Amino acid sequence: MQSARGTVRLIEVVFPEHTNHYGTLFGGQALQLLSKAAFLSGRGFVRGDVVMARCGEVLFHAPVRLGSTLVLDTHVSRVGRSSLTVRVAGSVQDVATDALTRVLDGEFEMVAVDAGGRPVRLANPPHFHEQTFEETV
């Protein structure tokens, strides 16, 4: 689901194939989901192709159990000439109350590219007001 430009909410269910031997979300799967959300956010923001240039700090605040509903919310926190920073927050949603509990955070640098995969300057990026990530989720 995508709403404001570059803002994405991705909802996933943690199935057995996503878990480790403890029955919680495997770290590699968490990174895959976080980077997928960052890609969708970057692509929506630049309205073109993007690639990941860097995966910054990723925090695992709490285990995500088998069967959990994982909600990933994105926010573009910085825009450069050809790159942008996308922050992703992962929360577990309580099925009874819809309450969200933050379990993951990640920061990704995405670069706008042309059809050949070469960086391109962002043409007329939207007006950008920098906010803290917590103000957006």
Side-chain angles (χ1 to χ4, degrees):
M1 179 170 96
Q2 188 164 345
S3 54
R5 188 166 171 185
T7 301
V8 172
R9 173 167 272 191
L10 184 64
I11 301 174
E12 297 280 342
V13 175
V14 178
F15 288 113
E17 62 268 20
H18 304 133
T19 64
N20 58 27
H21 58 290
Y22 294 112
T24 60
L25 182 63
F26 174 62
Q29 288 288 330
L31 288 170
Q32 180 184 20
L33 293 170
L34 289 166
S35 63
K36 177 180 172 181
F39 168 78
L40 292 170
S41 178
R43 185 172 70 172
F45 188 86
V46 305
R47 295 191 173 141
D49 288 332
V50 295
V51 295
M52 185 187 308
R54 182 179 74 85
C55 174
E57 184 175 50
V58 174
L59 301 173
F60 298 84
H61 301 296
V64 181
R65 306 226 176 271
L66 173 65
S68 296
T69 300
L70 182 62
V71 179
L72 300 167
D73 289 303
T74 68
H75 169 69
V76 175
S77 64
R78 184 197 64 80
V79 177
R81 284 183 297 211
S82 63
S83 66
L84 55 145
T85 303
V86 178
R87 294 190 177 190
V88 185
S91 301
V92 169
Q93 186 176 36
D94 183 292
V95 294
T97 66
D98 285 337
L100 297 174
T101 303
R102 191 75 139 294
V103 293
L104 300 167
D105 282 296
E107 183 178 87
F108 300 84
E109 292 296 321
M110 309 303 287
V111 176
V113 294
D114 62 18
R118 292 175 299 276
V120 295
R121 188 177 194 99
L122 294 174
N124 300 318
H127 176 68
F128 184 74
H129 170 69
E130 193 162 337
Q131 297 176 307
T132 64
F133 190 53
E134 287 70 28
E135 290 175 334
T136 63
V137 290

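Only a predicted model underlies this, so the values are computations on that prediction, with no experimental measurement involved. Values below: all heavy atoms of this structure, side chains included; hydrogens, waters and symmetry mates excluded.
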One pair to check against side-chain contact (heavy atoms from CB on, under 4.5 Å): Arg5 and Arg47. What are the steps and the verdict? CA-CA 9 Å; Arg5 188 166 171 185; Arg47 295 191 173 141; 3.3 Å; yes
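- What you find for Thr74 and Ala38 is that their closest heavy atoms are CG2-N, 4.4 Å.
- The structure places CZ of Arg65 at 6.5 Å from OG1 of Thr24, a figure rounded to the nearest 0.5 Å.
- Residue Leu33 is grouped with residue Val92 when hydrophobic side chains (ILVMFWY) are merged at heavy-atom distances under 4.5 angstrom, including chains of intermediate members.
- Thr69 places no side-chain N or O within donor-acceptor distance of the main-chain N or O of Val13, the cut-off being under 3.5 Å.
- The side-chain hydrogen bond (donor to acceptor under 3.5 Å, both in side chains) check on Asp94 picks up Thr97, with sequence neighbours excluded.
- Rounded to the nearest 0.5 angstrom, Asn20 CG and Leu25 CG are separated by 8.0 Å.
- Residues Val113 and Val79 fall into different hydrophobic clusters, defined by Ile, Leu, Val, Met, Phe, Trp and Tyr side chains chained together at heavy-atom separations under 4.5 Å.
- One finds the CG atom of Leu84 at 7.0 Å from the CZ atom of Arg78 (value rounded to the nearest 0.5 Å).
- Considering only residues two or more places apart in sequence or on other chains, Ser68 meets the side-chain hydrogen bond (donor to acceptor under 3.5 Å, both in side chains) condition with none of them.
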Let me see the working for Val103 and Leu70 under side-chain contact (heavy atoms from CB on, under 4.5 Å), right down to the final yes or no. CA-CA 9 Å; Val103 293; Leu70 182 62; 3.9 Å; yes
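- Residues satisfying the salt bridge (Lys or Arg N to Asp or Glu O under 4.0 Å) criterion with Arg121, sequence neighbours excluded, are absent altogether.
- Between Arg9 atom CZ and Leu40 atom CG the span is 14.5 Å, to the nearest 0.5 Å.
- Distance check: Arg118 CZ to Ser82 OG gives 13.5 Å after rounding to the nearest 0.5 Å.
- Connection of Leu31 to Val88 is established within a shared hydrophobic cluster, with ILVMFWY side chains joined at heavy-atom distances below 4.5 Å, either directly or through further cluster members.
- Across Leu122 and Ser83, no two heavy atoms sit closer than the pair CD1-O, 4.1 Å.
- Shown here are the side-chain hydrogen bond (donor to acceptor under 3.5 Å, both in side chains) partners of Thr19, two or more places apart in sequence or in another chain: there are none.
- Dense packing is recorded around CZ of Phe60, with more than 12 heavy atoms of other residues, nucleotides or ligands lying under 6.0 Å away.
- Residue Ile11 shares its hydrophobic cluster (ILVMFWY side chains chained together at separations under 4.5 Å) with Val71, Leu100.
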Between Val86 and Phe45, is a side-chain contact (heavy atoms from CB on, under 4.5 Å) present by the stated rule, with each step listed? CA-CA 10 Å; Val86 178; Phe45 188 86; over 6 Å; no
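- Residues passing the side-chain hydrogen bond (donor to acceptor under 3.5 Å, both in side chains) test with Glu107, sequence neighbours excluded: Arg54, Arg87.
- The shortest distance between side-chain heavy atoms of Phe39 and Met52 does not fall below 4.5 Å.
- Glu12 contributes atom CD, which lies 4.5 Å from atom NZ of Lys36 (distance to the nearest 0.5 angstrom).
- One hydrophobic cluster holds both Val50 and Leu10 under the rule that ILVMFWY side chains link at heavy-atom gaps under 4.5 Å.
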Worked verdict on Val58 versus Leu104 for side-chain contact (heavy atoms from CB on, under 4.5 Å): CA-CA 7 Å; Val58 174; Leu104 300 167; 5.5 Å; no
